[in-house]
Every structure is written in C-alpha cells, then in structure tokens.
**Q** 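Quick one: structure below, then a few questions.
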Number of protein chains: 2
Amino acid sequence: MKKRTYSCGLDAAVDVVGGKWKALILWALHDEPRRFGELRRMLSDISEKMLIQQLREMETCGLVHREVYHQVPPKVEYSLTELGQSLNTALLPLGEWGDKHMETIEAIPRD
Amino acid sequence: MKKRTYSCGLDAAVDVVGGKWKALILWALHDEPRRFGELRRMLSDISEKMLIQQLREMETCGLVHREVYHQVPPKVEYSLTELGQSLNTALLPLGEWGDKHMETIEAIPRD
DNA sequence: CTGCATCCAAAAAGATACTG
DNA sequence: CAGTATCTTTTTGGATGCAG
C-alpha cells in the first residue's frame, strides 16, 4: 500500500501483499484467529515492531480484523476478514509454485 | 531473492516476485519477447537502473532469458523462460484478485 | 541503443528499552 | 500480554554522466 494508483490488478495485489512479512502473516491466520504473542512465535524472526506495523497496515486495508478482549492480562485476537481470505485463496497457486521451485531458488548464489 | 532459506513456498515466491517491479516486468514479457527500450516504455515510471537491475536478478533466478544481437546499434531481447511462464501462471489469480479489489484499495487513506 | 558507475535521498527493517 | 518510542542499520530507489 505505497502507491495510490495501479497499472493493473497484479500491480495492486503485489503492493498489498508485498514486503517481507504480509504474505506470511496472512498465511499464519488462514485457519484460525491468532493472538499477538502466538503470531510472534509462529513468525519466529519477526520483531515486535514489524509485526504490529504489518498487522496495522493489513487492518487498514481491510484484510485483517482485530478483536480486543478487555481483560487482565490483555488479549487481542487477529483474524482474516472475507477480503483477507479471498486474497489468501488467490495466493495458493503462488505458494504451490514456491513449494515446487524453492530448492532451485535457494541454490542460487546471492553475492 | 534476499533470503537464503524459506519457511514455506509462499515465502519463497513472494521473495522472488516481490519488490516494486518484478511482477510487472514478468507480465510485460508474458506474450512476446521485448527489447530493453520497449520495456522501459511499457513501465513508464521505472528508471533505467532499476529496470536493468531487476532484469538481471530475474535472469539469475532463471525466470528471464537474455538474448544479445551483436549489431550496430545493439539489440537485446528479454523473454520468459519456462520457469518464468509458470510463475506468471501462478500469478494470474492474484492479478484477478487485484482487478476485483483495486478500487477499494486505492480508496484507502495512506497518511 | 543498451547499459554501467557513482553519488545521494528516502524508505524499510532491526535492536533495544520502556509502558499500561 | 500487547504493545510504544527511539535510535541505528540496511535496502531501495532515483539522478546524472559516461561508454561500447
């Protein structure tokens, strides 16, 4: 969500789901609502800052719903909206492509 | 292609096609080979540096083939490899998702 | 025409300490 | 537990000039 206009749908979709984490977060939420700490553990390499930042952006986009339980200790659950679920579905073929070619890609020299 | 290991296929695929331009370049090449200047015109807002940079990375990944014609003036054609085409196919649903929801997304306040 | 090299600015990401 | 605030590092993008 950095741009304001898109040249095509693919442009828009990549803008929304791009970046290092959003697709993974979407996937982490695909089957059931997750708490903040739960997500942090699932995406073990993400910092708290990035996690909350990405979640907020996805909430703004209407991909994710945030449910606050006013308790002590606090509890917040994140879940996919319908839009989020439809995006997740659209990402499935991409995930399969990745599964199939992951090893090839990992084997490419980076430097 | 910033990472060396992936947590899942989706992770890998987003890494490969992520960034501001790669998906658009892939799409620009989907029907026929394109020359450098042609691509530059199709992606009107890209700088030469970014275009060549992204093309090189995609070449390294095995997504794009680069064919040099030793002529004066020089001519270079870029085309999709089979891997590139399969990735493009995997991106189709994402493009459709984008087409469907683009206006909603564009309407979201950025600041 | 196709590209490389350099320098610079902006944005994204990360580490760490702190709070209700 | 679920964040905020601040600072630093890394990555990305862009402008310009030069070359085969």
Side-chain angles (χ1 to χ4, degrees), chain A residues 1-7 11 14-25 28-29 32-61 64-79 108 110-111, chain B residues 1-7 11 14-25 28-29 33-61 64-79 110-111:
Chain A
M1 287 176 57
K2 299 142 209 167
K3 306 181 183 180
R4 276 147 222 277
T5 54
Y6 299 106
S7 57
D11 190 12
V14 170
D15 194 33
V16 166
V17 84
K20 203 167 170 178
W21 300 110
K22 293 222 178 75
L24 297 180
I25 295 175
L29 293 174
E32 50 178 319
R34 301 286 184 181
R35 301 183 56 172
F36 182 83
E38 215 171 348
L39 287 171
R40 193 178 39 192
R41 278 186 298 278
M42 293 174 79
L43 310 164
S44 50
D45 281 348
I46 197 170
S47 71
E48 291 185 353
K49 176 188 148 188
M50 290 313 296
L51 180 54
I52 194 69
Q53 201 175 90
Q54 305 295 306
L55 282 169
R56 297 290 200 215
E57 287 183 23
M58 295 169 79
E59 197 190 347
T60 310
C61 287
V64 161
H65 173 70
R66 178 169 178 268
E67 185 75 36
V68 183
Y69 298 82
H70 293 285
Q71 308 173 349
V72 184
K75 170 176 166 181
V76 179
E77 269 190 351
Y78 294 89
S79 55
I108 298 168
R110 259 63 174 175
D111 311 354
Chain B
M1 288 176 56
K2 299 141 208 168
K3 306 180 183 180
R4 274 145 223 277
T5 55
Y6 299 106
S7 55
D11 191 10
V14 169
D15 194 31
V16 167
V17 84
K20 204 167 171 177
W21 300 111
K22 293 221 178 77
L24 297 180
I25 295 176
L29 293 173
R34 301 285 184 181
R35 300 183 55 172
F36 182 82
E38 214 171 351
L39 287 171
R40 193 177 40 191
R41 279 187 298 277
M42 293 174 78
L43 311 165
S44 50
D45 281 348
I46 198 172
S47 70
E48 290 185 355
K49 175 187 150 187
M50 290 313 296
L51 180 54
I52 195 69
Q53 201 175 89
Q54 304 297 305
L55 282 170
R56 296 289 199 212
E57 287 183 24
M58 296 168 78
E59 198 190 347
T60 310
C61 288
V64 160
H65 173 70
R66 178 169 179 267
E67 185 74 36
V68 183
Y69 297 83
H70 292 285
Q71 308 172 348
V72 185
K75 169 176 164 181
V76 180
E77 270 190 352
Y78 295 91
S79 56
R110 258 64 174 176
D111 313 350

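Values reported hereafter were calculated over all heavy atoms of this structure, with side chains retained and with hydrogens, waters and symmetry mates removed. A note on names: the letters A, B, ... follow the listed sequences, proteins ahead of strands, and every chain is numbered from 1.
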**Q** Can you list everything that forms a salt bridge (charged side-chain N to carboxylate O under 4.0 Å, His left out) with B:R35? Sequence neighbours excluded, please.
**A**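 Result, salt bridge (charged side-chain N to carboxylate O under 4.0 Å, His left out) vs B:R35: none returned.
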
**Q** Using five pairs at either end of the helix from C:dC1-D:dG20 to C:dG20-D:dC1, determine the angle between the two local helix axes and round it to 10 degrees.
**A** 50°

**Q** Taking atom C1' of C:dG20 as reference, at what distance in whole Å does atom NE2 of A:H70 sit?
**A** 13 Å

**Q** Establish, with yes or no, whether the OP1 or OP2 oxygen of D:dA2 is under 4.0 angstrom from a side-chain nitrogen or oxygen of A:R41.
**A** no

**Q** Can you list everything that forms a side-chain contact (heavy atoms from CB on, under 4.5 Å) with B:D11? Sequence neighbours excluded, please.
**A**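 In terms of side-chain contact (heavy atoms from CB on, under 4.5 Å), with neighbours along the sequence ignored, B:D11 is linked to A:L24, B:K3, B:Y6, B:S7, B:C8.
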
**Q** Could you tell me which residues satisfy salt bridge (charged side-chain N to carboxylate O under 4.0 Å, His left out) with A:E57, sequence neighbours excluded, listed by chain and number?
**A**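 Counting only residues at least two positions away or on another chain, A:E57 forms a salt bridge (charged side-chain N to carboxylate O under 4.0 Å, His left out) with A:K22.
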
**Q** Rounded to whole angstrom units, what separation is found between the CG atom of A:L51 and the P atom of C:dG14?
**A**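 Interatomic distance, CG of A:L51 to P of C:dG14: 12 Å.
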
**Q** I'd like to check the side chain to side chain donor-acceptor pair (under 3.5 Å) partners of A:E67; sequence neighbours left out, ordered by chain and number.
**A** A:H65

**Q** Of all residues at least two apart in sequence or in a different chain, which pass the salt bridge (charged side-chain N to carboxylate O under 4.0 Å, His left out) check with B:E38?
**A**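 So B:E38 forms a salt bridge (charged side-chain N to carboxylate O under 4.0 Å, His left out) with B:R34.
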
**Q** Whole-Å distance between C:dG14 P and A:L43 CG?
**A** 12 Å

**Q** Nearest 0.5 angstrom please: B:D45 CG to B:K20 NZ, how far?
**A**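 Reported to 0.5 Å precision, the distance equals 8.0 Å.
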
**Q** Distance check needed: C:dT2 P versus B:E59 CD, whole Å only.
**A**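 So the two atoms are 15 Å apart, to the nearest Å.
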
**Q** Using heavy atoms and a sub-4.0 Å distance, could you list which residues of residues 33-40 of chain B are near DNA chain C? By number, please.
**A**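 Residues of residues 33-40 of chain B that come under 4.0 Å of DNA chain C are, in numerical order, B:R35, B:F36, B:G37.
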
**Q** Please identify each residue that fulfils salt bridge (charged side-chain N to carboxylate O under 4.0 Å, His left out) with A:R40, with sequence neighbours left out.
**A**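 Counting only residues at least two positions away or on another chain, A:R40 forms a salt bridge (charged side-chain N to carboxylate O under 4.0 Å, His left out) with A:E48.
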
**Q** Between B:K75 (NZ) and C:dC1 (C1'), how many Å, whole number?
**A**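 Going from NZ in B:K75 over to C1' in C:dC1 covers 12 Å.
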
**Q** How long is the span from the CH2 atom in A:W21 to the CG atom in A:L43, to the nearest 0.5 Å?
**A**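 That separation rounds to 6.5 Å.
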
**Q** Could you list the residues that satisfy side chain to side chain donor-acceptor pair (under 3.5 Å) with B:R66, not counting sequence neighbours?
**A**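 Testing B:R66 for side chain to side chain donor-acceptor pair (under 3.5 Å), a comparison that skips the adjacent residues, returns B:Y78.
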
**Q** Can you tell me how far the CD1 atom of B:I52 sits from the CZ atom of B:F36, to the nearest 0.5 Å?
**A** 5.0 Å

**Q** D:dA2, OP1 or OP2 - any side-chain N/O from A:R56 closer than 4.0 Å?
**A**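 It does not, given that no N or O in the side chain of A:R56 lies less than 4.0 Å from OP1 or OP2 of D:dA2.
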
**Q** When rounded to the nearest 0.5 angstrom, what is the spacing between CZ in A:R4 and CG in A:D15?
**A**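 Spacing of CZ (A:R4) from CG (A:D15) equals 11.0 Å.
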
**Q** Measure the spacing between CG of B:L29 and CG of B:L39 and express it to the nearest 0.5 Å.
**A**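 The CG atom of B:L39 is 5.0 Å from CG of B:L29, to the nearest 0.5 Å.
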
**Q** Residues in side-chain contact (heavy atoms from CB on, under 4.5 Å) with B:P33, at least two apart?
**A**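 Listed in chain order: B:E77, B:S79.
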
**Q** Give every pair of a protein N or O atom and an N or O atom of nucleotides 9-11 of chain D that lie under 3.5 Å apart, one pair per line with the distance.
**A**
none

**Q** For the pair made of CG in A:L55 and P in C:dA13, what is the distance, rounded to whole Å?
**A**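 The answer, rounded to whole Å, is 14 Å.
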
**Q** Rounded to the nearest 0.5 Å, how far does OG1 of B:T60 lie from CD1 of A:I108?
**A**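 Spacing of CD1 (A:I108) from OG1 (B:T60) equals 7.5 Å.
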
**Q** Check the distance between D:dC1's C1' and A:E77's CD and give it to me in whole angstrom.
**A**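 The distance from CD of A:E77 to C1' of D:dC1 comes to 13 Å, rounded to the nearest Å.
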
**Q** Using atom NZ of A:K3 as one end and atom C1' of C:dA12 as the other, report the distance to the nearest whole Å.
**A**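 Rounded to the whole Å, the gap is 16 Å.
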
**Q** What does nucleotides 13-20 of chain D look like as a protein-contact string, B for base, S for sugar-phosphate only, - for none, at under 4.0 angstrom between heavy atoms?
**A** BBB----B

**Q** Looking across every strand, which nucleic acid part, if any, lies under 4.0 Å from A:Y78 by heavy atom: base, sugar-phosphate, or nothing?
**A**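 A:Y78: backbone/sugar contact only, no base atoms under 4.0 Å.
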
